[in-house]
2 protein chains.
Amino acid sequence: MKKILDIISQAPLFNGLSQEQLSQIRQIAIDKFYDKGKTVFLESDDCNGFYIVVAGKVKIYKVSLEGKEQILHIYGPGNPFGEVPVFSGRKFPANAETILKSHLLFIPRQAFVDLISEHPSLALNMLAILSMRLRQFTVQVENLSLKEVPARLASYLTYLTDEQATGDFVSLTISKGQLASLLGTIPETLSRILAKMNKQNLIQVEGRNIKLLNRNGLEELAQHGKLQ
Amino acid sequence: MKKILDIISQAPLFNGLSQEQLSQIRQIAIDKFYDKGKTVFLESDDCNGFYIVVAGKVKIYKVSLEGKEQILHIYGPGNPFGEVPVFSGRKFPANAETILKSHLLFIPRQAFVDLISEHPSLALNMLAILSMRLRQFTVQVENLSLKEVPARLASYLTYLTDEQATGDFVSLTISKGQLASLLGTIPETLSRILAKMNKQNLIQVEGRNIKLLNRNGLEELAQHGKLQ
DNA sequence: ATCTATTTTTGACATAAGTCAAGGTAATGC
DNA sequence: GCATTACCTTGACTTATGTCAAAAATAGAT
């Protein structure tokens with residue numbers, strides 16, 4: 001139980017809230033447990049609230065009729081998801097599925113809207129989170145429309161090194177298939193591009209561990225780069 | 001002056017606000033006038049507030065180093081834009097340029113944040129707007145990643161007919177070049193696809209006026225369709 | 001450890017959409 | 001009304017990335 005309040009108090013959404021307000025939130029939250037690969041919601045579903053990841057990992061994604069998947073986000077501990085219909089409409093705009101065994105908190109809609117009306121800082125926190133997501137979408141659209149797959153991959157790898165802060169060593173936290181889906185491509189294409197980057201001594205791939213051999217080259221590639 | 005308060009009071013952002021609150025907003029707002037094709041802000045710019053369109057039309061877009069443009073949104077009277085950095089960070093995530101002679105209101109950041117803290121309904125309105133935009137981005141990513149250009153175009157055309165509610169007649173409100181950029185393609189490709197749809201009696205193109213000859217066919221195409 | 005299932009890689013091929021270039025049409029300003 | 005500019009269309013060609021199929025490697029379960 002203590003662990004849950006820890007996650008809650010660390011989450012940007014609840015930044016600056018008092019101890020009392022936090023336990024108020026804990027009281028309206030409902031625990032949900034999922035195995036790996038379980039659907040949390042589908043885009044046709046009605047929405048009575050949103051979720052917060054306590055432990056595990058969740059992907060938000062769309063699928064085409066032909067079965068190709070595009071991952072929109074991957075959320076881990078502390079991240080809320082599924083809030084869009086809480087404020088805008090009735091249905092979820094995408095699907096959510098666990099990619100690890102996960103523990104989620106479900107926050108019922110009305111209780112949260114009541115809370116937010118009372119606490120302006122909670123509203124401002126939520127506005128900040130939604131704004132960050134709009135910014136991320138901006139980048140995602142830019143990547144999909146204006147960059148080729150090698151540039152998107154290079155961009156992701158340099159982003160990951162900063163994120164993990166472990167020198168020039170990166171460890172993929174998702175499968176290569178999922179990474180392909182996140183980058184808007186398919187596993188075959190990703191595999192070929194990783195092989196090419198390897199051959200050109202930009203990176204050194206060993207399973208899910210990747211060593212960045214030429215960070216400048218990758219950053220160049222992320223901008224305007226072509227890969228021979 | 002009356003016209004401006006009309007626009008403000010119609011805007012979803014100010015839904016449900018009292019007459020007094022509206023004039024409070026009018027007081028902090030600064031009028032800005034732009035000719036067609038003028039830059040409102042660039043993505044590297046600092047942000048001291050956001051804008052509302054009173055008259056005219058503004059495009060929000062990204063450009064690649066090679067010069068290809070991707071339009072993210074087009075906003076008309078009543079729409080706010082550039083709010084993302086007000087709540088998240090310092091810089092704009094994209095560029096804004098007028099595509100018509102335009103009259104904008106600039107709302108300074110701090111004054112608005114103060115207002116929002118006092119009026120929960122203003123916060124909820126803003127949350128609703130940002131949520132709608134997240135939903136739109138969801139669709140845009142889906143279109144770019146999972147659909148081909150003919151499907152995106154068919155989708156846009158059926159959306160426009162509903163929007164304009166003028167039977168099976170649509171009138172493009174932007175140039176075909178801009179439409180190409182909005183759909184994530186280039187004018188040549190758009191032109192060819194319009195010609196093909198014409199040939200297959202899906203539509204009948206006359207300049208910027210398009211008649212939908214086979215709405216069902218277009219909706220089919222928007223989903224999974226291939227165009228021969 | 002062995003077997004099974006999933007994930008990843010590689011090859012041969014198809015194709016949607018981009019590039020470059022030129023001509024045509026429409027719109028705008030003087 | 002004419003000229004200059006911007007917009008749109010068409011053709012020939014290139015290329016990035018998807019498809020299909022099969023083998024190889026890795027991970028999970030018993």
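In the text below, chain A, chain B and the rest are named by the order of the sequence lines, each starting its count at 1.
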Classify the ring geometry of B/Phe92 against B/Phe41: parallel below 30°, tilted from 30° to 60°, perpendicular beyond 60°. parallel
Aromatic rings A/Tyr159 and A/Tyr156: how do their planes relate, parallel, tilted or perpendicular, breaks at 30° and 60°? tilted
Interatomic distance, A/Lys196 NZ vs C/dG11 P [rounded to whole Å]: 13 Å
Go through the N and O atoms of the side chain of A/Arg192 and the base of C/dG11, and report whether any donor-acceptor pair is under 3.5 Å. yes
Testing D/dC8, C/dG18, D/dG18 for proximity to the side chain of A/Lys68, the answer is D/dG18
Rounded to the nearest angstrom, tell me the gap between atom CD1 in A/Ile193 and atom C1' in D/dT17. 8 Å
Between CG of A/Leu144 and P of C/dG18 the distance, given in whole Å, is 13 Å
Rounded to whole Å, the CD-C1' distance (B/Glu148 to D/dT19) equals 12 Å
Can you check the B/Lys226 NZ to D/dT19 P distance for me, whole Å? 8 Å
Which is true for B/Gly37 with a 4.0 Å heavy-atom rule: it touches a base, it touches only sugar-phosphate, or it touches nothing? nothing
Side chain of A/Ile186, heavy atoms from C-beta onward: which of D/dT9, D/dT19, C/dA17 has the nearest atom to it? D/dT19
On DNA chain D, nearest-nucleotide positions of A/Gly207 versus A/Glu66: which is more 5'? A/Glu66
A/Phe137 and B/Phe137 aromatic ring geometry - parallel, tilted or perpendicular at 30°/60° bounds: parallel
Hey, does the side chain of B/Thr189 come within less than 4.0 Å of C/dA16's phosphate (OP1/OP2), counting only N and O? no
With nearest nucleotide decided by heavy atoms, which residue, B/Val149 or A/Val205, maps closer to the 5′ end of DNA chain C? A/Val205
D/dT9 OP1/OP2 closer than 4.0 Å to side-chain N/O of B/Ser191: yes
Between C/dA17, C/dT8, C/dC20, which nucleotide has the shortest distance from any of its atoms to the side chain of B/Glu188? C/dC20
Could you check whether any side-chain heavy atom of B/Leu212 comes within less than 4.5 Å of a side-chain heavy atom of B/Ile210, counting everything from C-beta outward? yes
Please report the distance, rounded to the nearest Å, between CZ in A/Arg208 and C1' in C/dT6. 11 Å
Does C/dT7 have OP1 or OP2 under 4.0 Å away from a side-chain N or O of A/Ser175? no
Ignoring hydrogens and angles, answer whether the base of D/dT17 and the side-chain atoms of A/Arg152 contain a donor-acceptor pair closer than 3.5 Å. no
Are B/Lys38 and B/Tyr34 in a cation-pi setup, meaning NZ or CZ lies under 6.0 angstrom from the ring centre and within 45 degrees of the ring axis? no
Starting from C1' on D/dA27, measure out to CD1 on A/Ile174 and report it in whole angstrom. 17 Å
Rounding to a whole Å, what distance do you find between A/Leu183:CG and D/dG18:C1'? 16 Å
Report yes if a side-chain nitrogen or oxygen of A/Lys176 is closer than 4.0 Å to either non-bridging phosphate oxygen (OP1 or OP2) of D/dT26; otherwise report no. no
